[in-house]
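Just so you know, ligand 1 is whichever comes first in the structure, and atom 1 is the first atom listed for that ligand. The shown structure was predicted, so the numbers you read here are calculated from the model rather than taken from an experiment.
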Amino acid sequence: MTARTVDPDGLEPLLQRVADGLPGLLADFNAICDCGGRVAGSDSERRARDLTLGRLAEIAGAGRAWLEPVDYAGWQPGSCSLSLADGTPLACQPLLGSASTPPAGLVAGVVDLGRGTDDDFQRAAARIPGRIALVRHEFPFSPDHVHRRRKYDAARAAGAAGFVIAHTDPLASPTSGSSGRNGGDGIPAVATDHAGSARLATADASGARLVVQGTDQPAVGQTPMLDLPGRDPDDARRVVLSAHLDGHPLAQSAMDNASGLAVALALARAVAPQMAQAALGLRVCLFTAEEWALAGSRQWLAMMTPAERSRLVIDINLDTVGADPRLTALTSGFAGLDAFVAASARAAGQPIGLHRPLMPNSDHANFAAHGIPALRLIAGFDQPASRVRHILTAQDTRDQVAPAELAGAARASASLLWRALCATDADVSSWR
Ligand SMILES: [Zn+2]
């Protein structure tokens with residue numbers, strides 16, 4: 001391996017341009033939040049797509065910016081309500097892509113499964129068939145977190161007739177989130193708030209009525225992309241910088257993921273003038289349908305030939321990089337990325353924590369599934385008291401994200417990006 005892994009003349013100017021570009025980063029962040037929650041297929045998402053594609057086109061210069069079509073199992077929500085048998089209404093938010101109940105609703109007893117771990121499901125197995133499974137939403141970014149879709153799958157497998165996930169914070173709204181059904185078989189799935197779960201937990205005998213209606217609509221999303229060649233225009237290898245464009249309907253999807261989008265745009269803008277120094281090219285992917293069980297990036301990667309995928313040397317995925325100053329790289333099981341992240345953090349003077357086990361909670365997981373080294377940079381990992389706890393709720397608004405947090409995330413991710421762009425062949429093989 002050669003000693004030089006990063007062009008020493010490249011990082012400082014890049015970090016300086018990132019710092020100088022902070023007003024533009026904040027303007028983009030606010031403009032993306034102004035588009036609304038950006039549910040895939042909505043006008044709000046289209047506004048954000050046009051906005052971000054416009055930014056990429058401004059940056060393109062010698063490169064190119066375009067929209068990459070991607071199929072996914074779309075879904076349009078209809079009516080949604082949850083009530084006790086006596087008609088008392090409870091807060092209700094459909095999970096994206098939920099299966100429908102009959103129009104008059106599903107009336108069934110409720111099984112309170114607490115948090116909804118595998119043990120919880122096993123203990124109550126005999127009582128679940130035909131009933132509505134009630135579980136709790138957890139802070140999603142901690143090592144022992146049980147993902148909502150795993151609880152949903154457990155409820156289905158155990159024969160539940162419906163699925164309700166409840167926030168545990170008395171002040172929080174119900175969460176949005178994907179059911180993970182993807183147009184296939186499934187059970188009706190909604191979220192409620194803390195008060196709703198307290199009422200449901202005592203409704204076992206009398207039961208509850210759940211109405212959720214939606215229409216499956218195969219959809220075509222559009223992923224804004226930018227391609228900037230490195231110093232050798234014939235070298236087709238690319239470092240992927242990704243951030244998802246789509247979000248949830250309840251608020252502005254500010255943390256998740258206007259923060260990552262705005263930082264990705266700022267990095268692309270800052271690095272473009274020095275791509276002639278970079279060993280590898282850059283591909284920016286602003287994926288859609290991430291909130292639909294990671295469908296957009298999965299489809300894009302699946303359409304490629306193995307040879308095309310082998311030219312993607314690493315994915316640096318920015319998802320929820322504001323709302324806490326503490327940053328962590330989720331390195332998807334690639335032990336070789338630990339040293340890469342540590343060196344990047346040192347070079348930028350910006351601490352980045354490490355969590356190596358694969359966490360399939362954003363687009364990086366689809367790269368990792370194809371053997372492509374992939375990391376997700378995230379704020380507030382394993383910090384359940386941080387503002388990141390408001391993710392997926394009506395509280396995911398721009399005021400949760402401090403400008404200094406976006407500046408820190410931009411600095412950290414710029415260092416990761418430049419190190420990746422200047423990688424030698426030995427570096428690239430050391431990551432795998
Ligand atoms: Zn996200």
Side-chain angles (χ1 to χ4, degrees), residues 28-29 32-33 35-42 44-45 48-49 52 70 72 95-97 137-142 145 147-149 175-180 191 221 223-224 240-265 284-298 300 315-324 327-330 332 355 358-368 374-383 386-398 400-401 405-406 409 413:
D28 283 347
F29 174 71
I32 294 163
C33 290
C35 294
R38 309 185 301 283
V39 175
S42 67
S44 167
E45 187 223 9
R49 175 207 304 160
T52 53
V70 61
Y72 67 100
L95 298 190
L96 295 178
H137 169 79
E138 310 177 33
F139 183 72
F141 308 124
S142 61
H145 151 261
H147 197 280
R148 170 187 63 254
R149 283 195 296 277
T175 52
S176 184
S178 161
S179 69
T223 298
V240 177
L241 177 66
S242 61
H244 70 85
L245 175 74
D246 65 315
H248 287 283
L250 293 164
Q252 298 164 343
S253 300
M255 299 182 271
D256 182 15
N257 185 32
S259 64
L261 279 173
V263 170
L265 292 173
V284 178
C285 301
L286 306 181
F287 290 116
T288 188
E290 189 272 352
E291 301 289 6
W292 301 68
L294 316 181
S297 57
R298 180 182 301 113
W300 181 64
D315 172 45
I316 298 172
N317 183 45
L318 308 179
D319 191 353
T320 312
V321 296
D324 195 76
L327 296 168
T328 300
L330 311 180
S332 315
H355 182 72
L358 174 68
M359 298 206 83
N361 54 17
S362 188
D363 292 310
H364 63 289
N366 288 328
F367 289 82
L375 66 86
R376 173 184 182 174
L377 192 72
I378 183 171
F381 182 75
D382 207 16
Q383 302 292 337
S386 72
R387 277 165 277 129
V388 177
R389 73 184 187 278
H390 298 300
I391 195 164
L392 301 175
T393 73
Q395 285 79 36
D396 187 356
T397 51
R398 71 188 84 197
Q400 306 288 1
V401 179
E405 291 160 353
L406 292 175
S413 41

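A side-chain donor-acceptor contact under 3.5 Å links Ser242 and Asn317.
Between Asp319 atom OD2 and Asp256 atom OD1, the angle centred on the Zn ion (ligand 1) amounts to 140° (nearest 10°).
Annotation: side chain of Leu95 is in contact with side chain of Arg148 (closest heavy-atom distance under 4.5 Å). Using a 4.5 Å heavy-atom threshold, the side chains of Leu245 and Thr52 count as touching.
Closest to the Zn ion (ligand 1) among the N, O or S atoms of His244 is NE2.
Among the backbone and side-chain atoms of Glu291, no N/O/S atom is found under 2.8 Å from the Zn ion (ligand 1). Not one N, O or S atom of Glu290 sits under 2.8 Å from the Zn ion (ligand 1).
Using modelled atom types, one side-chain atom of Ser44 and one backbone atom of Arg38 make a donor-acceptor pair closer than 3.5 Å.
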